[in-house]
Every structure is written in C-alpha cells, then in structure tokens.
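Everything on this sheet refers to the single structure shown next.
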Amino acid sequence: MYNRKDLLGLRDLTEEEIMTILNTAKDMKAKIDDPSLRSYELRKSSIVTLFYENSTRTKMSFMLAGDYLGAMVKDLGVATSSVNKGESLIDTGMTLDQMGINVMIIRHQLTGAAHILAKNVKASVVNAGDGSNEHPTQALLDLFTILEYKKHFDGLNVTILGDISHSRVARSNAFGLTKLGANVTLAGPSTLISGSMRSLGVNVTSDIKGAIKNADVIMGLRIQFERQKNMPFPNLREYSSLFGVNNELLKKYAKEDVLIMHPGPVNRGVELASEVIDGKNSVINVQVKNGVAVRMAILKLLTERSAN
Amino acid sequence: MKTLIKNGRVIDPYNNIDKVLDILVEDGKISKVEENISDNADKTIDAKGCWVTPGFIDLHVHLRDPGYEHKETIATGTRAGAMGGFTTICAMPNTNPVTDNEILVEYVKMKAERDGVINVLPIGAITKGQHGEELADIGKMAQVGACAISEDGKSVPGPSLMKNALRYAKMFDLPVFDHCEEISLAKGSMNAGDRASLLGLKGISNDSEELIVARDMILAGSVKAQIHLCHISTTESIIQIRQARERGVNVTAEATPHHFTLCDEDITEYDANFKMNPPLRSKKDVEAVRQALKDGTIDVIATDHAPHHIDDKNCEFEKAANGIIGLETALPLGIKILVEGGYLTPSELIAKMTCNPAKILHSDKGTLSVGAAADITITDPECENIFDVSKMASKAKNTPFGGYKAKGKVLYTIVGGEIVVEDGKLVK
Ligand SMILES: [Zn+2]
C-alpha cells in the first residue's frame, strides 16, 4: 500500500510502503524493454519537472518514466522561467496547481524545499533531491537493484563510500536500508563524514579496508569538488589513493560476489577505478535502467492514489 | 494624578524587597512604598495575589524601524513590549539604513516619542553600515543618547577593529553588546548534531559562538572595556565567561527565553519558526544555560525579539530568516521554566529582567525606589498562559510558542505613571 500524496523521503516511509514501490517497479521494468507491454495508464496525467539544480540524467529518467506510462510530461525550464525573477517556490507551485498539473517533480539545492512545496500544492510532489537531505528515488532504485541481485536485505552489509556529508543519496539509502534490516556502514575521510550520522543507526568509519571487508554491497559516491571552496582533503590524487576502490583492494578484502554500485555520474579513477566500474561485480549500468522502472512505479502509485 | 497599587507582592530585587506592600505613584514617580498606604488616589489597583515589580528592561530587541516596517514598527513593537511587561527596550541597529550615526539615533528616539508606548533606547552600530570595515560615529551617537553599540546579527570580523571599538566606546562609558559568531564556522541553519543529521540540514557548531566569546573577552580584558555578550547558548561559552570573570574581565551575559526553553530536538519538521541565530542548541546546552542563570554567570534575560514577515518564514527552511518574536512570551516562559523548574526564585528572575540589565546600561531604571520613575509591571504569576499567536500585539507572528503552555500573565504595565496595559489589555 502506498497512500501518501507525495514522495518526499525514505525517512518517513514504512517498510511496507517501500516494498510496495519495489514490487510495482518489478512490473514496470518489463515495459521498458518491451513497448508492447506498455498500457499508457497515465495518459490522463500531467507531470512537470522543476529542476532548480541541474541533473540531466535524473530529469531524463523521470521524463522517460512518464513517457513510458503515457503521461504528459513537461519541464519547467527553471533557469529561464519567472523563478529567476524572484518568484517564490510556493507561488510557482500554486501556479502549476492551477494549470492542472498532477505530479510535480522537484530538485532543489535547499533542504526541505520539496516538503514546503508539497505542503502548499494539491498536486503530488516527488522529491528528486533536496539540499543535503534526501534523494528518495535514487535510494529506491538502489534498493531495487540490491534486491534483484541479493534477493533479500536482512543482515546484508552495505558500505557507502565517499562524500557522505553532502550526500542525500547516502542519507536516503541509510534510512531505507536500515528499515529493511541491512547493516549500513558509511565510510570516508573524517572531514566528509559526521559522527552524528550514527544517530541514523549506521556505522561510521574512515577505515576503508574495514569497510570493504564483509561488504555484500559497495556503493561509491561522487566526490563533489564544485561544492567545496574549502576542500576537505588535499587533492584528488591523495583521495583516490586513500579512499578510492580498485581491483587490488577488492581482491584483498572484498567478498567474491560483492555488488559494486554508483549513482553516477562517476569520476573515473577517483571514487572507483575504471577496472572496478567496468568489472564483473559492477551493476552501475543496471542501476540506470532500474531508475526508470522505479520512477515509473512511483508515478503510477501517486497518480492511482489521486484517481481513487 | 495619583495611582495606588494595593496589597501586591512587591518584588524589587535592587532594594532587596520581597513582601506584600502598597505603592503610591504620584506625578509619574514612585512616592511611597509602604504597608497599608491610606492616601486618597485617583485610581486604585487591587494587586492581591500579584507580583508588583519594576517594569522589565529588554537589552535586545529588533524594532525594524527604519526600513523593515512590514515586519514591525515602533508602534507595534513597543505595544508588544508593553503586553509583555516591558517598560524599556533597547533597539538593535540592524535597520535599513543601519543605525550608525546620530541622525538615525535621533530618528529612532523621535519615532519612539511619537508612536511608542514604552521607553526605547537606541543602540548604535559598531561599524559603518555594519560592514565591519570602519568605526561608526560612536561618539556622536553616544552624545544623542545611544545606550550601547552592537553589530548584532554578526560579529565584527577583524580582531583589531573590535579592539578599537571596545577601546573607543569605553571613552563614552558605552557597553558593547556582542553578537558572537565566527561566520566561517556557521554555514548551517540549525544546531549541528543528531537532529540536523536526521533532518538533512547543515549544522552550526557550538565552536562558532565560543571562538568569538573567547576572542572578544580577551580583547575587552586587554583594554579594560565593558562587554556584554548577547544570546549565550553553549556550555563552553559559559565556562569561558566564568573564567574571564575570575580574571577580572568586565563581562556580562544574556540568555534568551527560547534558549533556556527549547532544544534542537524540538525541531521536527522544516518549520522556520524554530530557526534562529544562535540556533536552538542541544539538551545539554539548554541545561547549562539554565544552570548559568541560576549561578549568576548569565546576568540577564533578553528576548532577541526578531519580528519577520510571514513570507520571510513560510519558505524553504534554509532560506528563511533567522529569529523569533519574544517580548510577549518572555516572562511566562521564565516563570514556567526557571521559577517552577527550581532554577530561580521569583526575585532572581525579576532581577534578570530589571536591575541587572539597568546596571549594564548604567541606568537608574529597574527599581521601585522612592523617587524613581514609575515604571511598574503587575503580573498574575499563577494563571496558566497558553500562548495565542493571533492575539499578540506584535505585527509579526513568527514564534514556535503558539499553543505552548506557560505560566503567568502581565496584567498591568505602567510607564512613567501612565497605564499602558490594564487588565491584560492595551489601553494606549
Ligand atoms: Zn544576535
């Protein structure tokens, strides 16, 4: 069952709600490969994407998800719209509401932006990333991918590596995975990770070898240079040599069947070595397809709810 | 004109009085404080069961006038003060334009005279435009009645400029009201900690405050100037203050009602009415602030009344303005948390809102001495007070205390012998 108006984050979702989304995504995945299975059940729905922060990849994934279900999908070019003239987020939302939009998909650089939008509009709101808070659809596609390969979550050891402090992906995954019974370890340099993350029920460490050992899943996170004027580590060379994952490290410490994941786009040779990205344990490309499936599932569940 | 206040519990910490007495007010001054005064009066107030105290003094109020009259005006802000039992409030200079010269100080005084219902003492900026580059016209402002200087909203960035400001202000006996915040450590929107981690908000760590507390007390000590630390919120700041006092630094400190009442765990959603600077700290810090009020390390309760328009608050949390209104909630929170909580006696609470702030201002206000201006507040300390934001006199409604159950209600506020609040209602 998924009865909420919005999808804002995994923090507030129940295990049952998460599983509903993942199960629905399973049906959706088939429709991506085989157009004859597409039933266009969202043809009466209109969807708009509001990306205050650029992410071509995530936006495309959402737009295709809508297309495959037959919805009308529009992008509000935030960069060129009245938002630039100082219109408030709430005013933008209310305007779109009046135009008959059913689902608003928002990516925003400020934490809580999706929440304030959701509170002020009748349409369903999907959080496509807010500040340093959550990126629920990314985490859901990660969960979906893990489930595909590992068949369960209980007792699974998942290590998330990299720029934890700025990562809404890490946070959403931490919320989701711990709810589903996995053990989560967040690893990275001490300047990119906060000890108070432990309060989310996860392990926090700067010991990369320890974090790789026994991991069933290793998720690399993109290092965000552009966001940091005051660099939290000396340079990329030092970062990749101390915290980058390469084949040698995997051979020495990781499980044979460890799953290598990354939300993309990858900085090749920084968080993951190319040999790891392209290696046999990598499911990075599968994640991309699963992203569309999961987003289809979310759009379907949200619009079905409003139709009822 | 004679007003007689009968049978109240007169709490006048400056004169060490806490007993049932009558007070006679004549021509705007207190003329008698005695038992059973039988003089004929034009007006008699029965204060049985009530506290009769000096009118409260708030060292830290943002009246927003000039420049931000959509948030608050001197008319509405002073009425909010009166409703909260305040008879004197100090107006912070982060107006638009910034109150950094004598003309603007005169403007605030004139506006207060014309539109205000309680005493307003303007505070001048430390630096021109609060840009942190050159000293404001501190001497000129002192001459026309600025009561202090402050850069509130931020710290003076350069230690040498701050040192000069302290040294210069000392010439005019002006206290420096210090907002302590190292900005490079304060790039967040709530207290750093578990709750910030849970909500995905960037945190403001305690050290951002403590660093400047330590720096500016060292500077004040080295030039032997008077420094008053605004809205102290962390455990380590308090330890620093104790140590500085022991080595003879002329330092006083204030805490706000929200910092002794709420902690970061009270923030459950992205409700910007819980956003202020300094942020609501951890439970441990809240307890440290209460203990510091109890042991006297923190001398004063000041509200940091910071009115904002709904549009400044009803938006993305990280974008929302800092601050909450506080004049109308201060005393009931003080009674509920500090008196009922066993931290302060009623007299100690009143001292932190009357004679202690008066002393910092070198003012003879804050007492019920015979001959003093009749600034008097009468409070029913027993009644439950559930805050109703819609009924507040402030133009702004930004407070996290809507629906909060506090204790005690101001019934009368008398300013220079004139009744401004009567039976809990504004009459001016
Ligand atoms: Zn301040």
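These values consider heavy atoms only, across backbone and side chains, with no hydrogens, waters or symmetry-generated copies. Predicted model, so just to flag it, every value in this text is computed and none were measured.
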Considering only heavy atoms, give the residues of residues 107-114 of chain A separated from chain B by less than 4.5 Å, sorted numerically, with 'none' for an empty result.
A:H108, A:Q109, A:L110, A:T111, A:G112, A:A113
Does a sphere of radius 6.0 Å around [atom1] in [X] hold more than 12 heavy atoms from other residues, nucleotides or ligands, not counting ones at 6.0 Å or beyond?
| X | atom1 | answer |
| --- | --- | --- |
| B:K313 | NZ | yes |
| B:K397 | NZ | yes |
| A:K5 | NZ | yes |

Donor-acceptor pairs under 3.5 angstrom involving side-chain atoms of residues 6-13 of chain A: please list them, not counting sequence neighbours.
from: A:D6; atom 1: OD1; to: A:V125; atom 2: N; distance (Å): 2.7
from: A:R11; atom 1: NE; to: B:L198; atom 2: O; distance (Å): 3.4
from: A:R11; atom 1: NH2; to: B:Y270; atom 2: OH; distance (Å): 3.4

Just verifying a value: how many Å separate [X] [atom1] and [Y] [atom2], rounded to the nearest 0.5 Å?
| X | Y | atom1 | atom2 | value |
| --- | --- | --- | --- | --- |
| A:D91 | B:C315 | CG | SG | 11.5 Å |
| A:I116 | B:E269 | CD1 | CD | 10.5 Å |
| B:S197 | A:R171 | OG | CZ | 6.5 Å |
| A:S165 | B:K202 | OG | NZ | 9.5 Å |

For each of B:G200, B:G203, B:S184, tally heavy-atom pairs with chain A at distances under 4.5 Å, and name the one with the top tally.
B:G200
Just jot down the side chain to side chain contact (heavy atoms under 4.5 Å, CB included) partners of A:P234, sequence neighbours excluded, or say none.
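With neighbours one apart ignored, the set is A:E238.
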For A:Y239, check ring pair (Phe, Tyr, Trp, His ring centres under 6.0 Å) against everything at least two apart and list the hits.
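By the ring pair (Phe, Tyr, Trp, His ring centres under 6.0 Å) rule, A:Y239 matches A:F233, A:F243.
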Given a strict heavy-atom distance threshold of 4.5 Å, which part of B:N314 is in contact with chain A: side chain, backbone, both, or neither?
both
